[in-house]
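What follows is a set of notes on a single structure, which appears directly below.
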Amino acid sequence: MSALQAVRGTHDHLPETRRAHRRVAEAAHRVTALYGFQEMATPIFEFTEVFQRTLGETSDVVTKEMYTFHDKGGEQITLRPEGTAGVVRAFVANGLQQALPQRLFYQGPMFRYERPQKGRLRQFHQVGVELLGVATPLADAEVIACAAAFLRDLGVAGDTTLEINTLGDAESRANYRDALVAYLRQYAHRLSDDSRERLERNPLRVLDSKDENDQAVVADAPSFLDYLNADSRAFFDGVCAHLAAMGLDYVMNPRLVRGLDYYCHTAFEFTTTILGAQGTVLAGGRYDGLVEQMGGSAVSGVGWAAGIERLAALIGDPEAPPRPVMMVPLGEEAERHALPLAERLRAAGHVVEMTYTGNLKKRLKRADRSNARAAVILGEDELAAGRATVRDLDTGQQDAVALDAVADALGQG
RNA sequence: GCGAGCGUAGCUCAGUCGGUUAGAGCGCUGGUUUGUGGUACCAGAGGUCACGGGUUCGAGUCCCGUCGCUCGCCCCA
């Protein structure tokens, strides 16, 4: 281990990576704004309790993935493993329930102590939205539409599939859970070790097992849809109808369940097959009850979060940065003129860089390596005439231009 | 947390059965005489062979441990 290397599962974002991430985050910000979402930010660490209470004591995130530590004041602190808990905490703490609905957008780093893989990091980045205070299926459908628009804007809609499911309300879920557990217990001896463990902790997870024997057992398990009460069924039908009305294609996935306790009713994911095992690129759902659990009043919520790294991996090469204009002063006298001229060019909107050493030949070579589109040459001849030589580095064409006119001569870039 | 593969220059990779001074391409730096880049030619810099230990006369090569990456599981975005 070298002291120079980044901690496991964390990455430096060099300019090219950073550009790709910015593109994702800016698209999210821009598109969600069309749906009325406004950006907010919460601290990247919270009291541990904030996550324990909201994510559920038994969830994997809480039991083994949190970065938790005691600060110097003895407080138990956790680096946020996801965004919703902090947003809801802030929502309650700042009395935002006085002005419903709230449409909130956030972005930033999240932290989970996991074994890194492609598209899975210990520090990763998410963008997300939360729509708080709307209890009707309209909100679910609108939030899903917003996610779809975001992915369309990034140009990855064709690589992803929208999968949806319903977890029903608490009553439906409890009934189904009882029925499922009763069924699975009969076949516990045929289940994998993992699934026997799931049976105790989170039985819905058994449905999602990749083990073949488990799947054979699950094939005849009771269906969730048979246990939905009338309200839950109506709610889900409503969501589906709205999606259809907007022309959004989706696939029903009855095995789509949630690891976090606070979800109910609508659960959805946009998945891709071209990222390997980490195929979920954006996921969300409804979380009625979470606000109350956090100490607020009964305010329903629905939202989603998307992984920036995973989306960045999907969008391919980021666009190149703008090509600069390169200043080429030759001699001390020219250098004195170069900075003020560069300032004027920048004020006119040009990206301007400087060559600092070397003769003309060397400086032009540097300009070329910097992918400059033009060079502004200031030498003895030019100074004597009160002009600069503006050279187009693509065509090789160059003209003597009055210093006042250089910005215009460089065009729009 | 579990299983497997990998780690040699900034990058992509050679490196034979364990044998002398660890190589190539690309990139980088400098040069090919005067104020004109890209191409070409010449030269150069750059390595703790991931880290630590062991076996051996001798380890980039074999063994063990650690760290990291990759793939799968778990779980998730």
Side-chain angles (χ1 to χ4, degrees), chain A residues 1-11 14 24 28 55 58-65 81-84 107-128 147 160 192-195 197-198 201-202 205 208-211 214 256-260 268-272 275-285 303-314 326 328-331 334 355 357-375 377-382 389-398:
Chain A
M1 197 264 289
S2 156
L4 288 181
Q5 90 189 47
V7 172
R8 183 178 211 186
T10 69
H11 283 338
L14 300 183
V24 172
L55 302 182
T58 61
S59 70
D60 271 49
V61 171
V62 167
T63 54
K64 59 180 196 184
E65 294 177 1
E82 56 93 52
T84 302
Q107 60 173 315
M110 306 292 165
F111 305 85
R112 290 182 199 173
Y113 190 87
E114 294 188 276
R115 186 85 169 254
Q117 279 178 238
K118 194 168 210 65
R120 168 186 296 166
L121 300 164
R122 289 186 172 182
Q123 177 179 338
F124 62 107
H125 299 78
Q126 288 187 330
V127 292
T160 59
S192 64
D193 292 347
D194 278 341
S195 282
E197 168 75 18
R198 291 186 186 104
R201 283 207 350 224
N202 193 346
R205 277 274 166 221
D208 207 18
S209 172
K210 287 171 187 167
D211 184 279
D214 291 354
L256 180 55
V257 293
R258 286 276 106 110
L260 307 185
F268 62 94
E269 291 186 1
F270 285 82
T271 59
T272 180
L275 245 40
Q278 276 67 241
T280 300
V281 110
L282 181 152
W304 50 257
I308 293 182
E309 280 83 357
R310 291 182 186 179
L311 286 170
L314 227 45
M326 191 63 79
V328 181
L330 301 170
T355 57
T357 60
N359 57 23
L360 177 60
K361 182 182 184 118
K362 202 166 294 180
R363 286 172 191 250
L364 284 178
K365 184 172 267 190
R366 289 221 178 86
D368 192 57
R369 303 247 164 98
S370 305
N371 194 32
R373 62 190 174 91
I377 302 166
L378 284 173
E380 284 177 23
D381 298 348
E382 286 82 0
T389 295
V390 176
R391 180 179 178 85
D392 183 312
L393 291 173
D394 292 328
T395 66
Q397 238 175 32
Q398 61 183 43

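The basis for the numbers below is simple: all heavy atoms, side chains too, and nothing from hydrogens, waters or symmetry mates. Residue numbers begin at 1 in each chain, while the letters A, B, ... track the order of the sequences.
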Report summary line: Hits for side-chain hydrogen bond (donor to acceptor under 3.5 Å, both in side chains) against Arg391(A), two or more places apart or cross-chain, chain-then-number order -> Gln398(A)

Query raised in the report: How far does the C1' atom of C28(B) sit from the matching atom of G47(B), given to the nearest Å?
Result: 16 Å

Query raised in the report: Going by atom types only, do Gln107(A) and His125(A) share a side-chain donor-acceptor pair under 3.5 Å?
Result: no

Report task. Output all residues satisfying side-chain contact (heavy atoms from CB on, under 4.5 Å) with Lys362(A), sequence neighbours left out; order by chain, then residue number. Result -> Asn359(A), Arg366(A)

Query raised in the report: Can you name the residues that form a side-chain hydrogen bond (donor to acceptor under 3.5 Å, both in side chains) with Thr355(A), not counting sequence neighbours?
Result: Arg363(A)

Query raised in the report: What residues form a side-chain contact (heavy atoms from CB on, under 4.5 Å) with Ala372(A), not counting sequence neighbours?
Result: Pro324(A), Met326(A), Ala367(A), Leu393(A)

Query raised in the report: When you measure from the centre of the six-membered ring of Phe111(A), is the NZ or CZ of Arg122(A) under 6.0 Å away and within 45° of the axis?
Result: no

Query - Separation between the P atoms of G60(B) and A9(B), rounded to whole Å - result: 14 Å

Listing time: all N or O pairs from protein to nucleotides 71-73 of chain B that are below 3.5 Å?
| from | atom 1 | to | atom 2 | distance (Å) |
| --- | --- | --- | --- | --- |
| C71(B) | OP2 | Lys118(A) | N | 2.6 |
| G72(B) | OP1 | Ala277(A) | N | 3.2 |
| G72(B) | OP2 | Gln117(A) | NE2 | 3.3 |
| C73(B) | OP1 | Lys210(A) | NZ | 3.4 |
| C73(B) | N4 | Gln117(A) | OE1 | 3.4 |

Requested in this report: Show your reasoning for whether side-chain contact (heavy atoms from CB on, under 4.5 Å) applies to Ile377(A) and Glu382(A).
Outcome: CA-CA 8 Å; Ile377(A) 302 166; Glu382(A) 286 82 0; 4.1 Å; yes

Report task. Evaluate side-chain contact (heavy atoms from CB on, under 4.5 Å) for Leu121(A) paired with Thr10(A), printing each intermediate quantity in order. Result -> CA-CA 6 Å; Leu121(A) 300 164; Thr10(A) 69; over 6 Å; no

Report summary line: Looking only at heavy atoms, the pair that brings Gly9(A) and Pro116(A) closest together is CA-CG, 3.9 Å

Query raised in the report: More 5' along RNA chain B: Thr10(A) or Ala305(A), using each one's nearest nucleotide?
Result: Thr10(A)

Query raised in the report: Is any side-chain heavy atom of Met110(A) closer than 4.5 Å to a side-chain heavy atom of Pro81(A)?
Result: no

Report task. In whole angstrom, give the distance that lies between atom CD of Glu82(A) and atom P of C75(B). Result -> 18 Å

Query raised in the report: How close or far is atom C1' of G68(B) from atom CZ of Arg122(A), stated in whole angstroms?
Result: 11 Å

Query raised in the report: For RNA chain B, whose closest nucleotide is more 5', that of Gly9(A) or that of Leu282(A)?
Result: Gly9(A)

Query raised in the report: Do any N or O atoms from the side chain of Arg310(A) and from the backbone of Gly279(A) form a donor-acceptor pair under 3.5 angstrom?
Result: no

Query raised in the report: If the P atom of G23(B) is compared with that of A45(B), how far apart are they to the nearest Å?
Result: 12 Å

Requested in this report: Dump the intermediate steps for side-chain contact (heavy atoms from CB on, under 4.5 Å) on Ile308(A) and Val127(A), then the final yes or no.
Outcome: CA-CA 7 Å; Ile308(A) 293 182; Val127(A) 292; 3.7 Å; yes

Report summary line: Rounded to whole Å, the CG-P distance (Leu121(A) to G68(B)) equals 13 Å

Report task. Could you give the distance separating U70(B) and C26(B) at their P atoms, to the nearest angstrom? Result -> 29 Å

Enumerate the protein-to-nucleotides 42-46 of chain B contacts in which both atoms are nitrogen or oxygen and the separation is below 3.5 Å.
none

Query - salt bridge (charged side-chain N to carboxylate O under 4.0 Å, His left out) involving Glu269(A) - partner list, sequence neighbours excluded - result: Arg258(A)

Query raised in the report: Is there a side-chain contact (heavy atoms from CB on, under 4.5 Å) between Arg8(A) and Arg115(A) once you walk through the steps?
Result: CA-CA 9 Å; Arg8(A) 183 178 211 186; Arg115(A) 186 85 169 254; 3.5 Å; yes

Report task. Please work out if Ala367(A) contacts a base, only the sugar-phosphate, or nothing of the nucleic acid, heavy-atom cut-off 4.0 Å. Result -> nothing

Query raised in the report: Just to confirm, is there a sub-4.0 Å distance from OP1 or OP2 of G68(B) to any side-chain nitrogen or oxygen of Arg8(A)?
Result: yes

Query raised in the report: Side chains of Leu378(A) and Val328(A): does their closest heavy-atom pair fall under 4.5 Å?
Result: no

Query raised in the report: Roughly how many Å is it from CD in Gln107(A) to C1' in A77(B), rounded to a whole number?
Result: 15 Å

Query raised in the report: Say you pick atom P in A77(B) and the same atom in C2(B); how far apart are they, in whole Å?
Result: 23 Å

Requested in this report: Kindly write out the residues that satisfy side-chain contact (heavy atoms from CB on, under 4.5 Å) with Ala305(A), not counting sequence neighbours, or none if the list is empty.
Outcome: Tyr106(A), Gln126(A)

Query raised in the report: Taking atom C1' in both U34(B) and U39(B), what distance in whole Å separates the two?
Result: 22 Å

Query raised in the report: Taking only residues two or more places apart in sequence, or in another chain, which ones meet Glu114(A) in a side-chain contact (heavy atoms from CB on, under 4.5 Å)?
Result: Glu65(A), Arg112(A), Arg120(A)

Query raised in the report: Can you tell me which stems RNA chain B forms when a stem means 3 or more consecutive Watson-Crick or G-U pairs under 3.5 Å?
Result: B:1-7 with B:67-73, B:10-13 with B:23-26, B:28-32 with B:40-44, B:50-54 with B:62-66

Report task. Heavy atoms under 4.0 Å is the rule here; annotate nucleotides 27-39 of chain B 5' to 3' with B where the base is hit, S where only the sugar-phosphate is, and - elsewhere. Result -> -SSSS---BBBB-

Query raised in the report: When the P atoms of G10(B) and G53(B) are considered, how many whole Å apart are they?
Result: 23 Å

Query raised in the report: On a whole-Å scale, what distance lies between the P atoms belonging to G44(B) and G25(B)?
Result: 13 Å

Report summary line: B/S/- along nucleotides 6-13 of chain B (protein heavy atoms under 4.0 Å) is --------

Requested in this report: Would you indicate what Glu269(A) reaches in the nucleic acid, counting non-hydrogen atoms under 4.0 angstrom: base, sugar-phosphate, or nothing?
Outcome: nothing

